[in-house]
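For reference, the structure is listed below as structure tokens.
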Amino acid sequence: MLQIYNTLTRQKEFFHPIHEGHVGMYVCGPTVYGDAHLGHARPAITFDLLYRYLMHLGYKVRYVRNITDVGHLEHDADEGEDKIAKKARLEQLEPMEVVQYYTNRYHHDMEALNVLPPSIEPHASGHIIEQIAFVQKILDHGYAYVSDGSVYMDVEKFAKDFPYGKLSGRNLEDIVTETRELDGQAEKKHSYDFALWKKAAPEHIMHWPSPWSEGFPGWHMECSAMGTKYLGEEFDIHGGGMDLMFPHHEAEIAQSCAALGHDTVHYWMHNNMITIAGKKMGKSYHNFITLEQFFKGEHELLSKPFSPMTIRFFVLMAHYRSTVDFSSEALEAAEKGYARLQEAYTRLMKLQPGAETTIEIGDLRAKCAEAMDDDLNSPIVLQHLFDSARAINTVYDGKASISPEDLAELRAVWKDYAIDILGLRLGSENAGECGENQLSANNNAVKGAIDLLLDIRLDAKRNKDWATSDRIRNALTELGFKIKDTKDGYEWSL
RNA sequence: GGUCGGUUGCCCGAGUGGUUAGGGACCGGUCUGCAAAACCGGGGACAGCGGUUCGAAUCUGCUACCGACCUCCA
């Protein structure tokens, strides 16, 4: 029985969907004004894991992950200019050109990380009408006010009728004393009121007509409008990074509740941050490393390139609610660990069954399920897979045997948990690295040539011609091949 | 300053009040022409000081240090 940690209650809860057999989940996606960095990979992979596991459990899941392409004001630069607009102006492009460019690149990175596309990926810019309607509802219910063409949430009024701050554990008094001075404060009744609709300044290039002004929706409106549009007034899961808890998700709760009169989300889930030297990796800290830089090894902190699967494995090595500290050293360790798993899988596929099972294999499936049920404990699933890898290697070495039934089950569990749920590309057809069975068809010539060389080496070895044998191995090793001798043959990978 | 969270062995990173987490690195052994891989074995840990308990890394109090949020942020 799946348990997930609900930020609202600060404890693990059994997951009960609203509609039997169906799950609706909404996850805050990227603001497409820059390349995705390691921090973006965290929620993408975390909620991909959840999505995959829910489907494995037999749920029909509607997974909505938005693309933020309007809103999100810059607080410092010139009177709240839109990030997308700013980028567009700097790069002399149409705003939607910027959006399309970075959206494409985001998709490309996500595919590399084997993150499944969501069921619906709505753009904020494509839902202006829904957002205006949502703002109107809040106005109609009296929880917002118009001021100089902008619409603000009347937080004080809302807080009298509904609990405000329950997600982030704040109360209004705290917020009063904490809120700093920002632009546009003069138009607001209180500093903690937030914009639902903002009148566009003349230099602002992205704006739409509305009953109140030519402008654009407030920072948090898109998630309320699009979430409820596609998942209903109440839905199961809302996810995102911990840094969005306040004010973004808190504001979203208030907006939705003000418009609809009741809460929307049953389970709030938040992934923790990726840190670098103990500090959060983020745009504001100027310490982020883009995913492309990881894949290409183009960053001073990276000792070498790291494959997308290494990144995915690295993220899954830690529980999603813990911070993960990035270091090149940690990634190299992850890379080796992943290679070990990959090797074990390749061997599992080659294994020949014996008459009976003479090795302890335990109930791998049950253990993995138990770990996943416990708030998506991927590190424990990996632990069990590593234990299983040891058993596989023992059989592969001929030191134990496994029955046909146990072998079939073991293969099925690896398929289910390693490949389908953890989303690791272990199979030969799509592995991140090339092995002897993993080169594509048009590389058959290369494969043949390597095999030929190694056949020659095998002959040399049989003739105890160690000079030739070592020369071939050393030369191939130099070129990046890994050569492993087996009992009466060889294995190689690139 | 407020709110919340963290502090585990050389590194990364799980964890239940009493039983080996796991991975990487390292050391020793087996196998091998030598390597590599694999397998076996090994050392080492729970920030500090109190409290509860038969027993605490795990519960509780305090201290120290670190971080997140409080402003756009995954």
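A note on names: the letters A, B, ... follow the listed sequences, proteins ahead of strands, and every chain is numbered from 1. Keep in mind that the numbers below use all heavy atoms, side chains included, and drop hydrogens, waters and symmetry copies.
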[X] near the nucleic acid: base, sugar-phosphate alone, or nothing, with a heavy-atom cut-off under 4.0 Å?
{"X": "A:Leu341", "result": "nothing"}
{"X": "A:Ser322", "result": "sugar-phosphate"}
{"X": "A:Val324", "result": "sugar-phosphate"}
{"X": "A:Tyr285", "result": "sugar-phosphate"}
{"X": "A:Gly241", "result": "sugar-phosphate"}

Rounded interatomic separation in angstrom, taking [atom1] from [X] and [atom2] from [N]:
{"X": "A:Phe326", "N": "B:G13", "atom1": "CZ", "atom2": "P", "value": "12 Å"}
{"X": "A:Ile359", "N": "B:C40", "atom1": "CD1", "atom2": "C1'", "value": "12 Å"}
{"X": "A:Asn271", "N": "B:C69", "atom1": "CG", "atom2": "C1'", "value": "14 Å"}
{"X": "A:His40", "N": "B:C72", "atom1": "NE2", "atom2": "P", "value": "16 Å"}
{"X": "A:Arg170", "N": "B:U3", "atom1": "CZ", "atom2": "P", "value": "11 Å"}
{"X": "A:Tyr5", "N": "B:C4", "atom1": "OH", "atom2": "P", "value": "12 Å"}
{"X": "A:His248", "N": "B:C69", "atom1": "NE2", "atom2": "C1'", "value": "15 Å"}
{"X": "A:Phe194", "N": "B:C72", "atom1": "CZ", "atom2": "C1'", "value": "16 Å"}

Does the side chain to side chain contact (heavy atoms under 4.5 Å, CB included) test come out yes or no for A:Ile45 and A:Phe314, once each step is laid out?
CA-CA 11 Å; A:Ile45 291 171; A:Phe314 177 67; over 6 Å; no
With nearest nucleotide decided by heavy atoms, which residue, A:Gly169 or A:Met273, maps closer to the 5′ end of RNA chain B?
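It is A:Gly169 whose nearest nucleotide is closer to the 5' end.
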Mapping A:Asp397 and A:Arg10 onto RNA chain B by nearest heavy atom, which one lands closer to the 5' end?
A:Arg10
Tell me the partner of [N], counting only Watson-Crick (N1-N3 plus N6-O4 or O6-N4) or G-U wobble (N1-O2 and O6-N3) with both under 3.5 Å; none if nothing fits.
{"N": "B:A35", "result": "none"}
{"N": "B:G17", "result": "none"}
{"N": "B:G41", "result": "B:C27"}
{"N": "B:U52", "result": "none"}
{"N": "B:G1", "result": "B:C70"}

Quote, to the nearest angstrom, the [atom1] distance that separates [N] from [M].
{"N": "B:A38", "M": "B:G24", "atom1": "P", "answer": "8 Å"}
{"N": "B:G48", "M": "B:A64", "atom1": "P", "answer": "16 Å"}
{"N": "B:A35", "M": "B:G41", "atom1": "P", "answer": "23 Å"}
{"N": "B:G15", "M": "B:G6", "atom1": "P", "answer": "11 Å"}
{"N": "B:C62", "M": "B:U20", "atom1": "P", "answer": "34 Å"}
{"N": "B:C27", "M": "B:G33", "atom1": "C1'", "answer": "25 Å"}
{"N": "B:A25", "M": "B:C12", "atom1": "C1'", "answer": "11 Å"}
{"N": "B:U63", "M": "B:G22", "atom1": "C1'", "answer": "33 Å"}

Would A:Lys199 count as a cation-pi partner of A:Phe216, with NZ or CZ less than 6.0 Å from the six-membered ring centre and within 45° of the ring normal?
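Verdict for A:Phe216: no cation-pi partner in A:Lys199.
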Distance under 6.0 Å and angle within 45° of ring axis: A:Arg170 vs A:Phe246:
yes
Could you go through nucleotides 22-25 of chain B and list every protein N or O atom that sits under 3.5 Å from one of its N or O atoms, giving the distance for each pair?
unit_1	atom_1	unit_2	atom_2	d
B:G23	OP1	A:Arg390	NH2	3.2

Closer than 4.0 Å, any side-chain N/O of [X] to the OP1 or OP2 of [N]?
{"X": "A:Lys280", "N": "B:C69", "value": "yes"}
{"X": "A:Asn377", "N": "B:G15", "value": "yes"}
{"X": "A:Ser327", "N": "B:C12", "value": "no"}

[Y] backbone acceptor or donor facing [X] side chain under 3.5 Å:
{"X": "A:Ser322", "Y": "A:Ala318", "answer": "no"}
{"X": "A:Asp69", "Y": "A:His123", "answer": "no"}
{"X": "A:Asp485", "Y": "A:Tyr490", "answer": "no"}
{"X": "A:Arg411", "Y": "A:Leu348", "answer": "yes"}
{"X": "A:Lys399", "Y": "A:Thr394", "answer": "no"}

Between the base of B:C72 and the side chain of A:Ser284, is one N or O donor paired with an acceptor at under 3.5 angstrom?
yes
Would you indicate whether the side-chain heavy atoms of A:Phe47 and A:Arg65 approach each other to under 4.5 Å?
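A:Arg65 does not reach A:Phe47 side chain to side chain.
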Check this for me, if you would: do A:Lys166 and A:Glu250 make a salt bridge, where the nitrogen-to-carboxylate-oxygen distance has to be below 4.0 angstrom?
no
Contact summary for A:Leu113 and A:Ala41, nearest pair of heavy atoms:
CD1-CB, 3.8 Å
List every contact pair, protein side and nucleotides 29-36 of chain B side both N or O, where the distance is under 3.5 Å.
unit_1	atom_1	unit_2	atom_2	d
B:G33	O6	A:Ser469	OG	3.0
B:G33	N1	A:Asp470	OD1	3.0
B:G33	N2	A:Asp470	OD2	2.8
B:C34	O2	A:Arg473	NH2	2.8
B:C34	N3	A:Arg473	NH1	2.8
B:C34	N3	A:Arg473	NH2	3.2
B:C34	N4	A:Arg473	NH1	3.3
B:C34	N4	A:Asp485	OD2	3.1
B:A35	N6	A:Asp485	OD2	3.3
B:A35	N3	A:Arg473	NH1	3.0
B:A36	N1	A:Asp485	O	3.4

Residue pairs, two or more places apart or on separate chains, that pass side chain to side chain donor-acceptor pair (under 3.5 Å) and touch residues 311-321 of chain A
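Side chain to side chain donor-acceptor pair (under 3.5 Å) check on residues 311-321 of chain A returns A:Asp48-A:Arg312, A:Tyr320-A:Asp375, A:Arg321-A:Asp375.
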